[in-house]
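The structure appears right after this line, and notes come after that.
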Amino acid sequence: MHRSTASPTHPSGRTLGLGLALVSAFAFGGSGTAAKPLIEAGLSPLHVVWLRVAGAAVALLPIAYRHRDAVLRRPGLLLGFGLLAVAGVQACYFAAISRIPVGVALLIEYLGPPLLIGYVRFVQRRPISRGAAIGAGVAVAGLACVVEVWNGLSFDALGVLFALGAAFCQVGYFLLADAGRRGDRPVDPLAVSAFGLLIGAVLLTVFTRPWQADWSLLGGSVVMNGHTLPALLPAAWMVLIATVLAYLTGVVSVGYLSPPVAGVLANLEAVVATVLAWVLLGEHLGLPQVTGGLLVLAGAFAAQTSKPPTVEAGAGAGAGAEVGAGSAAGAAGSSAPSGATASRAAVAAREGVAAADRGVSGRSSRTSRGD
């Protein structure tokens, strides 16, 4: 199986991954702040989403052309990323907020990280560190405060299903970003982002019918917190920062962090969105939101400081087995001739591997308890 050159347990790799994940969360968090003046100027929310994705797809065309061989290498991966991580998240979320309050929809969508942890643990049967699991729970509790879910709680079965669909599509974002670097035909994460946005733009074009929008509004002005500015300014911010930069850094960060850890860190997007709305749009930030933001930060910190429990053990097992087998074969080879050498070397090698496995097993259990 192909492994990424970036090790999640290597300090420099984790630091880089953390930095990229934070940049992605901050970039994604600014999308709503940039989109709101455009919506207030007369563009529908769906047309703003199409502008965001289609503009980013055009901006990433050079990257898509450079990595055009990815279409032949992993077409299913690229199609899935475009369908789930781009078009699916957007369509399901906006369908949800048309039937249930925005805060409720946002909270349900950000159940994605706990769902991701459950998928990795029970479907893929890969161990999850306690830090990532606890961090996800704390972050979700904080999100409930950030969006003040109690202020507009209403139940609409179809709306909740749409919001859950957005959460599952968010799970697909992290799983597919991680899968791109694995297997016999790995794909550059930049190509995953570029082709995913291209495919998502095509799918959203069918769904949103952008030819029905009044795009002349982009040539005028919009109002942001009482200040008039060119409409192209928030549009460019939404396309280049909140989409291009957000997707590129987010997908790359998953290669340095495990998907569950990257998923929990993505919860910071809601905090960033709330703070930016307070600073740039003049929306009030109450005590529950401040408290919730601190909880989200605590959950993200708990997740990113946790270590994957199996990577270190797996590396130790491989190294121990090679050393044990190599030394045993060398000792046997120096004391026995011809066929007897091979026979005794094989027995000694097996004993060396078994001894190494026993040693690594003991170290693995101590490492797991120490997380």
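None of the values given here were measured: they were computed from a predicted structure.
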Worksheet entry | Within residues 188-213 or reaching into it, pairs that qualify as ring-ring contact (aromatic ring centres under 6.0 Å, His included) - sequence neighbours excluded | none

Discussion item. Determine whether Glu40 and Val223 satisfy the following criterion, side chain to side chain contact (heavy atoms under 4.5 Å, CB included), listing intermediate values before the conclusion.
Written reply: CA-CA 8 Å; Glu40 291 177 342; Val223 178; 5.8 Å; no

Discussion item. Taking side-chain contact (heavy atoms from CB on, under 4.5 Å) as the definition, give me every residue that meets it alongside Ala141, ordered by chain and number, with sequence neighbours left out.
Written reply: none

Response to the item:
Applying salt bridge (charged side-chain N to carboxylate O under 4.0 Å, His left out) to Asp214 and not counting sequence neighbours gives none

Worksheet entry | Whether His47 side chain and Ile39 backbone form a donor-acceptor pair below 3.5 Å | no

Worksheet item: Hey, quick one: are Val202 and Val239 part of the same hydrophobic cluster, counting side-chain heavy atoms closer than 4.5 Å, chains of contacts allowed?
Response: no

Worksheet entry | Cluster overlap Val171 with Phe122, hydrophobic side-chain contacts below 4.5 Å | no

Practice prompt. Could you tell me which residues satisfy side-chain hydrogen bond (donor to acceptor under 3.5 Å, both in side chains) with Trp50, sequence neighbours excluded, listed by chain and number?
Written response: Thr205

Worksheet item: Going through the distances and angles, do Leu248 and Leu60 end up as a side chain to side chain contact (heavy atoms under 4.5 Å, CB included)?
Response: CA-CA 10 Å; Leu248 290 180; Leu60 292 178; 4.0 Å; yes

Fill in: Distance under 6.0 Å and angle within 45° of ring axis: Arg181 vs Tyr256
yes

Discussion item. Once rounded to the nearest 0.5 Å, what's the spacing between atom CG of Leu218 and atom CG of Leu43?
Written reply: 6.0 Å

Discussion item. Suppose we screen for side-chain contact (heavy atoms from CB on, under 4.5 Å). Which residues come up paired with Ala87, at least two apart in sequence or across chains?
Written reply: Leu203, Leu204

Worksheet item: So, does Arg52 use its side chain to make a donor-acceptor pair with the main chain of Val49 at under 3.5 Å?
Response: no

Fill in: Connected-component partners of Leu158 among ILVMFWY, side-chain separation under 4.5 Å
Phe162

Worksheet item: Looking only at heavy atoms, which two atoms of Val244 and Ala59 are closest? And how far apart?
Response: CG2-CB, 4.1 Å

Fill in: Other ILVMFWY residues reachable from Leu161 by side-chain steps of under 4.5 Å
none

Worksheet item: With a 4.5 Å limit on heavy-atom distance, are the side chains of Leu217 and Leu38 in contact?
Response: no

Worksheet item: Which value, rounded to the nearest 0.5 Å, describes the distance between Arg74 atom CZ and Arg182 atom CZ?
Response: 11.0 Å

Fill in: Single-linkage hydrophobic cluster Val123~Leu115, side-chain heavy atoms < 4.5 angstrom
yes

Fill in: side-chain hydrogen bond (donor to acceptor under 3.5 Å, both in side chains) partners for Ser24, two or more places apart
none

Discussion item. Quick check for you: to the nearest 0.5 Å, what is the distance between Thr249 atom OG1 and Phe28 atom CZ?
Written reply: 7.5 Å

Practice prompt. Enter the distance from Leu116:CG to Gln170:CD here, rounded to the nearest 0.5 Å.
Written response: 8.5 Å

Response to the item:
Residues passing the side-chain hydrogen bond (donor to acceptor under 3.5 Å, both in side chains) test with Ser221, sequence neighbours excluded, are none

Fill in: Contact check, side chains of Leu245 and Val23, non-hydrogen atoms, under 4.5 Å
yes

Discussion item. Check whether Arg185 reaches the backbone of Arg73 with its side chain - one donor and one acceptor, N or O, closer than 3.5 Å.
Written reply: yes

Worksheet, complete the sentence: Applying side-chain hydrogen bond (donor to acceptor under 3.5 Å, both in side chains) to Thr291 and not counting sequence neighbours gives none

Worksheet entry | Separation of Leu79 CG from Leu84 CG (nearest 0.5 Å) | 9.0 Å

Worksheet entry | CA sep, side-chain torsions, deciding dist, call: Arg66, Leu190, side chain to side chain contact (heavy atoms under 4.5 Å, CB included) | CA-CA 10 Å; Arg66 181 179 179 182; Leu190 300 183; over 6 Å; no

Worksheet item: Any donor and acceptor pair, going by atom type alone, linking the side chain of Trp215 with main-chain N or O of Pro210 inside 3.5 Å?
Response: yes

Item to complete: Scan residues 66-85 for pairs that pass ring-ring contact (aromatic ring centres under 6.0 Å, His included), counting only residues two or more places apart or in two chains.
Response: Phe81-Tyr173

Worksheet item: So if you build clusters from Ile, Leu, Val, Met, Phe, Trp, Tyr with side-chain heavy-atom gaps below 4.5 Å, do Leu176 and Val120 land together?
Response: yes

Worksheet item: In chain order, what residues pass the salt bridge (charged side-chain N to carboxylate O under 4.0 Å, His left out) check against Arg126, with sequence neighbours excluded?
Response: none

